[in-house]
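Beneath this line is the structure, given in structure tokens, with notes to follow.
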2 protein chains.
Amino acid sequence: MTEQRTARSGSSRGDVRHGRADVVRHALRVLDSYGLESLTMRRLAAELAVQPSALYHHFPHKQALLAAVAEAILADREPPASGGWDDEVRAICADLRAALLTYRDGAEVVATTWSFGLGARGPYDALVARLARSHRDAALVDAAARTLLHFVFGHVVAEQTHVQAAAAGAVDTDAETLLRGTGAAYDLGVTLIIDGLHARADSGSAIRR
Amino acid sequence: MTEQRTARSGSSRGDVRHGRADVVRHALRVLDSYGLESLTMRRLAAELAVQPSALYHHFPHKQALLAAVAEAILADREPPASGGWDDEVRAICADLRAALLTYRDGAEVVATTWSFGLGARGPYDALVARLARSHRDAALVDAAARTLLHFVFGHVVAEQTHVQAAAAGAVDTDAETLLRGTGAAYDLGVTLIIDGLHARADSGSAIRR
DNA sequence: ACCTGAACACCGTTCAAGT
DNA sequence: ACCTGAACACCGTTCAAGT
């Protein structure tokens with residue numbers, strides 16, 4: 001991914017040519033600064049000082065752009081420290097939440113991309129891979145991974161929605177909001193599902209592999 | 001809610017006047033026939049043979065219309081048969097899924113309304129009310145209700161997305177899809193969370209109240 | 001490989017005015 | 001109470017053409 005840059009002919013001017021990675025980087029900037037509702041093809045084009053139609057050289061449609069943005073949000077996460085399956089699953093979920101919170105509306109972008117089957121499969125694959133080593137029932141592994149993801153996406157989307165509503169002054173910063181902000185409710189939700197899995201563990205208890 | 005009807009002056013014509021309930025009924029029809037993406041203010045207005053601006057007499061903005069549609073989707077559900085808290089929670093979730101599946105894209109409409117705090121609180125309230133009678137920890141009850149709802153909404157949104165993708169021919173009707181269609185994966189997800197709750201039940205085991 | 005210019009077919013919302 | 005007509009400020013996408 002070493003960006004070979006642009007503006008190579010010496011004719012001066014601010015008329016830079018943009019590569020795909022360039023477009024994604026600007027999209028992340030617009031997303032984080034103004035939110036998903038402001039991340040339009042026309043607005044992004046304006047930010048790049050380019051016609052809207054120029055973006056269709058890089059992406060066939062907006063959802064493809066959004067998928068690339070989702071992958072960027074999920075990129076460069078460290079693998080969880082190895083331990084019992086429950087701790088590793090917990091770590092994958094915590095890391096996912098951290099990635100989603102990195103950018104404004106990050107959860108919505110990643111959740112949409114995943115649910116449309118256009119990418120962002122990393123977290124699902126990581127969960128399935130880990131759970132398959134501790135639980136033999138493939139249907140259970142699939143259901144558990146999806147249940148965890150539905151919870152994480154739903155929870156973090158709500159978190160980010162409330163942060164935004166609070167920033168707009170529409171909502172008070174009360175105790176409940178503060179508590180949820182610490183991630184306590186998040187941990188409780190993940191724990192509930194993991195405990196459910198414990199109730200039907202069919203393999204090793206806490207040893208790795 | 002007895003609709004007193006319209007067209008009372010005898011001057012003939014198809015220029016019917018519409019009440020709020022009338023608008024919601026037509027919105028449900030458009031939603032179920034063409035999907036949420038086609039449920040636009042302009043399209044709905046055309047269906048009612050009215051100018052788009054006329055809709056703003058009934059609703060301050062589109063989200064308010066959608067909230068009314070969400071409430072209509074959730075309306076008239078029967079209360080669950082009484083039993084142990086786990087069976088009743090299971091029944092509330094099953095009934096919610098059934099309601100969401102009644103209309104095309106029903107899950108998306110209800111989930112959005114709930115997450116924006118604009119309505120559709122019925123399922124949350126029902127879950128909290130039932131769980132509060134069997135679990136003393138209010139934070140746990142809240143987290144459990146939200147975890148269940150995040151799962152149900154996420155799952156049914158995915159179900160309806162896949163149905164639509166399959167109908168468009170973009171996806172094969174393979175074994176996995178068929179299995180999920182039966183609701184087996186849904187039951188597994190709900191069971192996982194309920195089992196997690198069992199692991200920290202602090203009250204009676206199976207007796208009502 | 002990357003971009004322009006112009007068009008097409010739409011959106012949600014506001015507002016003054018009408019009955 | 002319910003609606004019209006017209007406007008404002010936008011959307012995503014396509015396409016022929018340019019460098």
Taking atom [atom2] of [N] as reference, at what distance in whole Å does atom [atom1] of [X] sit?
| X | N | atom1 | atom2 | answer |
| --- | --- | --- | --- | --- |
| B:Glu37 | D:dG12 | CD | P | 14 Å |
| B:Gln51 | C:dT13 | CD | C1' | 14 Å |
| A:Leu65 | D:dT13 | CG | P | 10 Å |
| A:His57 | D:dT13 | NE2 | P | 17 Å |
| A:Leu55 | D:dC11 | CG | P | 12 Å |
| B:His18 | D:dA1 | NE2 | P | 18 Å |
| B:Phe59 | C:dT14 | CZ | P | 15 Å |
| A:Arg42 | C:dC11 | CZ | P | 15 Å |

What's the closest nucleotide to the [X] side chain, out of [options]?
| X | options | result |
| --- | --- | --- |
| B:Met41 | D:dT14, C:dG12, D:dC3 | C:dG12 |
| A:Pro52 | D:dT13, C:dT13, D:dC2 | D:dT13 |
| B:Ala54 | D:dC3, D:dG5, C:dT13 | D:dC3 |
| A:Val50 | D:dG5, C:dT4, D:dC3 | C:dT4 |
| A:Arg17 | D:dA6, C:dT4, C:dA1 | C:dA1 |
| A:Ser53 | D:dC15, C:dT13, D:dT4 | D:dC15 |
| B:His58 | D:dC3, C:dC11, C:dT4 | D:dC3 |

#### Entry: A:Arg97 to A:Tyr186 six-membered ring, cation-pi geometry met (6.0 Å, 45°)
yes
### Query
Is the charged tip of A:Arg104 near the ring of A:Tyr34: under 6.0 Å from the six-membered ring centre and within 45° of its axis?
no
### Message
Checking B:Thr191 against B:Arg90: is there a side-chain donor and acceptor pair closer than 3.5 Å?
### Response
yes
### Message
Please check if the number of heavy atoms outside B:Arg43 that lie under 6.0 Å from its CZ is greater than 12.
### Response
yes
### Query
Above 12 or not: heavy atoms from other molecules or residues under 6.0 Å from CD of B:Gln160?
yes
### Query
How does DNA chain D look in dot-bracket notation if pairs are Watson-Crick or G-U with both distances under 3.5 Å, crossing ones as [ ], other-strand ones as |?
||.|||||...|||||.||
### Task
Rounded to whole angstrom, note down the P distance from D:dA9 over to C:dC10.
22 Å
### Query
Is there side-chain contact between A:Asp195 and B:Leu197, with heavy atoms separated by less than 4.5 Å?
no
### Task
Hey, can you tell me if A:Tyr124 and A:Trp114 have their rings parallel, tilted or perpendicular (30° and 60° cut-offs)?
tilted
### Message
I'd like to know if B:Thr40 reaches the base of C:dG12 with its side chain such that a donor and an acceptor end up less than 3.5 angstrom apart.
### Response
no
